[in-house]
Amino acid sequence: MTIAQVIVDVPSAGTDKVFDYAIPDKWANIIRPGLRVAVPFGPRAIQGFVVGLKSRTDIKNLKSIRRPLDLTPVLNEELLQLGQWIAEETLSYKISAFHAMLPAAMKAKYDKIIRRTGEAQLLLDELFEGKQEITWKEAEKRNLLPALHKEIENGNAEVIYRVKNRARKKLIRTVQVNAEQEKLEDLLETLPSHAVNQKRLVQYIMQHPFETMDASQLAKSASVPQETIKALIKKGIFKEHMLETYRDPYEHRSFERTAPLPLTADQQTAIEPIMQSISHHRHETFLLHGVTGSGKTEIYLQAIQEVLKKGREAVVLVPEIALTPQMVERFKGRFGSDVAVLHSRLSIGEQYDEWRKIQRKEVKVVVGARSAVFAPFENLGIIIIDEEHETSYKQEEAPRYHARNVAIKRGEYHHCPVILGSATPSLESFARAQKSVYHLLSLPKRMNNRGLPSVSIIDMREEMRNGNRSMFSIELFEKMKDRIEKGEQAVLFLNRRGHSTFIMCRDCGYVMQCPHCDISMTYHRSSNEMKCHYCGFQSGVPAVCPECDSSHIRYFGMGTQKVEEELAKLLPEARVIRMDVDTTTRKGSHERLLDQFQSGKADILLGTQMIAKGLDFPNITLVGVLSADTMLHLPDFRAAEKTFQLLTQVSGRAGRHELSGEVVVQTYTPGHYSIQLAAAQDYGRFYVQEMSMRKVGSYPPFYYLALITVTHEDLMKAVSVTEKISAFLQSNISDQAILLGPVASSIPKINDRYRYQCLIKYKREPNLFPALRKVLEHYNTQSSREGFSVTIDIEPNNMM
DNA sequence: AGCACGCCGACT
DNA sequence: GTCGGCGTGCTC
């Protein structure tokens, strides 16, 4: 007998192991590693992943697999191994890792029903309303559970657990005419006179003969309702076929094919080692450091072309917010229908279909966000990560994996190159390139000898001293006016949405805080409400100070809404588009706003983070950064790096084509090296300077970090558990490692839960991971019911 | 995670 | 005496 080893769909420390199941004979040829199966688990039925087969087991009362949920494995041998590796590296459960690697449609839904088994009885008839079964939910709602419980005990009803497979394929109904011309004519006469639709449809198909046709399209063309077609199917006039199809998110778009562009000398030099690696079937990680507009994408495209020529496949990762139609167009334009696109703005069904195209080998290239790194290709020839420094490549929920590490792992397996591209590489990557762990490739110049935009730094303290209390410096204001007159476009960047960052009482200093989080609330003018950007709590705006009843309430700080208002006042002739989370929540709104801007329906694009990337519009000649300091003062050792990256990225939006660009950076700390060096577009010097800061602070890339966060509703409980964990870890690490804390998190309370944490900085600590594992096992099983949550983040993006 | 089993307080 | 509160431990 063969036994299946199964990882069950229960994310907990106690169940994070293999469970053995017997394979019923009828499934013996189907059940293989990588397949999803429905298995009994305690009283329930749940989903599981087969990870292996074996011939014997010590388990006494072995249960059997109920049924397979797939016909072919959804995870191949490589991905099964990769999942287990991710679970180890990120200290998460195997089941969570498997789910992260698959489209959401593969995650099973469960339902629970009560079915009657006994003979017809008066009471049962009443409970079931004459039906054979009712859902648990319905029984709960109608408060029937106590009565039903008795019937279950008496053996008149049973509880059935069902695993629902959500991975549904979309089917379309097609029809073929299954009747001679004569028969149709007969029908036309015999149909009753009121059957107008059927008559019209028969006439239509007599005039427009066809082989096979999509039923809904036929209904539309003949202008009859769908039911008419069904009626004729019943009469045997049509033969129907259900045809499997894909939900195509780019159905109504056509992409113009592009040919490879001639490479510049710099591009040629950069691409050469990549081509070598491809042709020698060799794994190597390249860091492609190229200034904005230096033509990195063309290198990607030509490297991919080479990979396709060799009959292998390519994965391109792009930050989620940069996955604009513009970006997709570049790949679809070059490789046409060989491209699948994967990102979170697709519906679950669309994601599943794109994934199936990859699995069935109908595409050769995948362009996608973080999770596309798991594309189930079996013959990978290259993995490209564009904007490799982007923090969105690290998943913020468990499993907290970094797509860069996963890509390199897969590159090793497939013996293929991994390209990390950026104008502002993360310090970690650049340091590895310096140590020749990665192979550094540089593109120091912009394409076609276009100069980098000129950057001027404006000291806002100086403006203030000169009596300008507006949010725009004289220079920025004049330049905006100038662009509007010339019909050119400007981009204004502010890393903060809402209207005012906080409101404060001028008499007593009261600042309105979120009652659930330890953070000040942001004023939103459009809805006239105070919002907490952490938990979403909203409340009205106080007319008087809740503390001292004073009416002197002032609005401090500026957000995008406030800037929009100011622009309307100061530059009423300017047409402004605002892009932030508040204006782009609806599906497709992101794309629509950018289209409007591109087609010249606005002069100024005002926005947050999301406009910093990938915008490539020829008419932008001015970029204004309203406050370069907002990020710089965050309690984060990467604040300077993030500021540098952001300023460099934003500046790169200007003057990418014929017109030259200018950038105005407003700041209260003009002397800071991250601002100065971003203005000079001098990555090299920034790297040296920032590395020395990191060394002094014992931060990455000199040390690795592990952040342990404990949350609890009760402050004292959170503190004491963090202390215990910290003491335990201290005794399990060497004196090479540094343990900091316990300290309150930089946001000490979110959603009514207090947050305490400790941080470990380490270099080589073989005992650390086993110790962390123990912490999780202990606190997540025993204490979860006491309301603790303990999370461990290896190499955290931020310390909050 | 769910669910059953089991051991203590407040009711018909 | 029993119903039901939720603490404990198991699920192949």
Side-chain angles (χ1 to χ4, degrees), chain A residues 1-25 27-28 31-33 35-69 80 84 87 91-100 104 106-115 135-137 139-140 143-155 157-164 166 397-399 711-714 717 776-791:
Chain A
M1 183 177 54
T2 328
I3 290 169
Q5 299 179 285
V6 175
I7 298 292
V8 293
D9 186 17
V10 182
S12 79
T15 50
D16 188 33
K17 56 173 184 160
V18 166
F19 286 83
D20 292 346
Y21 286 90
I23 303 173
D25 288 341
W27 305 125
I31 307 285
R32 274 176 286 163
L35 206 79
R36 293 178 306 149
V37 288
V39 292
F41 196 64
R44 304 181 282 161
I46 57 171
Q47 189 193 67
F49 289 84
V50 178
V51 292
L53 300 175
K54 59 179 182 179
S55 52
R56 45 161 285 109
T57 177
D58 296 330
I59 301 298
K60 299 171 298 293
N61 34 21
L62 195 67
K63 289 186 185 172
S64 291
I65 287 176
R66 286 246 175 108
R67 64 188 169 98
L69 294 173
L80 278 173
Q84 313 210 26
L91 294 157
S92 54
Y93 308 124
K94 292 174 197 72
I95 191 68
S96 315
F98 290 156
H99 280 309
M106 298 260 149
K107 196 168 160 63
K109 280 254 167 121
Y110 302 107
D111 73 358
K112 197 173 165 186
I113 58 166
I114 304 165
R115 182 183 290 166
T135 64
W136 185 275
K137 258 204 193 128
E140 205 167 27
N143 203 24
L144 302 176
L145 285 181
L148 284 168
H149 198 77
K150 272 212 185 87
E151 295 301 332
I152 292 164
E153 279 188 348
N154 295 338
E158 59 181 343
V159 182
I160 292 178
Y161 295 87
R162 280 199 300 215
V163 180
K164 288 197 289 186
R166 285 197 300 160
E397 315 87 52
T711 75
H712 196 273
E713 284 182 6
D714 182 346
K717 284 199 172 141
L776 280 181
E777 266 164 34
H778 185 242
Y779 285 95
N780 275 352
T781 48
Q782 193 209 311
S783 307
S784 67
R785 51 181 146 263
E786 284 166 49
F788 292 114
S789 127
V790 178
T791 56

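Labels below follow one simple rule: chain letters A, B, ... track the order of the sequence lines, proteins then strands, and each chain is numbered from 1.
Rounded to an integer number of Å, the gap from A:Leu145 CG to C:dG4 C1' is 15 Å. We find that NZ of A:Lys17 is positioned 8 Å from C1' of C:dT11, with the value rounded to whole Å. In this entry the distance linking CG of A:Leu776 with P of B:dA1 reads 12 Å, nearest Å. Atom CD1 of A:Ile7 is separated from atom P of C:dT11 by 16 Å (rounded to the nearest Å). The distance between atom CD1 of A:Ile46 and atom P of B:dG2, rounded to the nearest whole Å, is 10 Å. The separation between A:Phe19 atom CZ and C:dT11 atom P is 8 Å, rounded to whole Å.
In this structure, the side-chain contact (heavy atoms from CB on, under 4.5 Å) partners of A:Arg166, at least two apart in sequence or on a different chain, are A:Lys107, A:Lys109, A:Ile348. Looking at residues two or more places apart in sequence or on another chain, you find a ring-ring contact (aromatic ring centres under 6.0 Å, His included) between A:Phe41 and A:Phe19. Among residues two or more places apart in sequence or in another chain, the salt bridge (Lys or Arg N to Asp or Glu O under 4.0 Å) test is passed with A:Asp58 by A:Arg56. With sequence neighbours left out, the salt bridge (Lys or Arg N to Asp or Glu O under 4.0 Å) criterion links A:Asp111 to A:Arg162.
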Using a cutoff of under 3.5 Å, can you pull out all pairs of nitrogen or oxygen atoms linking the protein to nucleotides 3-8 of chain B, with atom names and distances?
residue	atom	partner	partner atom	Å
B:dC3	OP1	A:Lys112	NZ	3.3

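For C:dT11, the base is stacked against the aromatic ring of A:Phe41, per a cut-off of 5.5 Å between centres and 30° between planes.
Within the structure, every pair that satisfies the side chain to side chain donor-acceptor pair (under 3.5 Å) test and touches residues 42-54 of chain A, not counting sequence neighbours, is listed here: A:Asp20-A:Lys54.
Contacts of A:Asp9 with the nucleic acid, taken as non-hydrogen atoms under 4.0 Å apart, are absent.
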Problem - Residue pair A:Asp9, A:His99: steps toward the side-chain contact (heavy atoms from CB on, under 4.5 Å) verdict - result: CA-CA 9 Å; A:Asp9 186 17; A:His99 280 309; 3.2 Å; yes
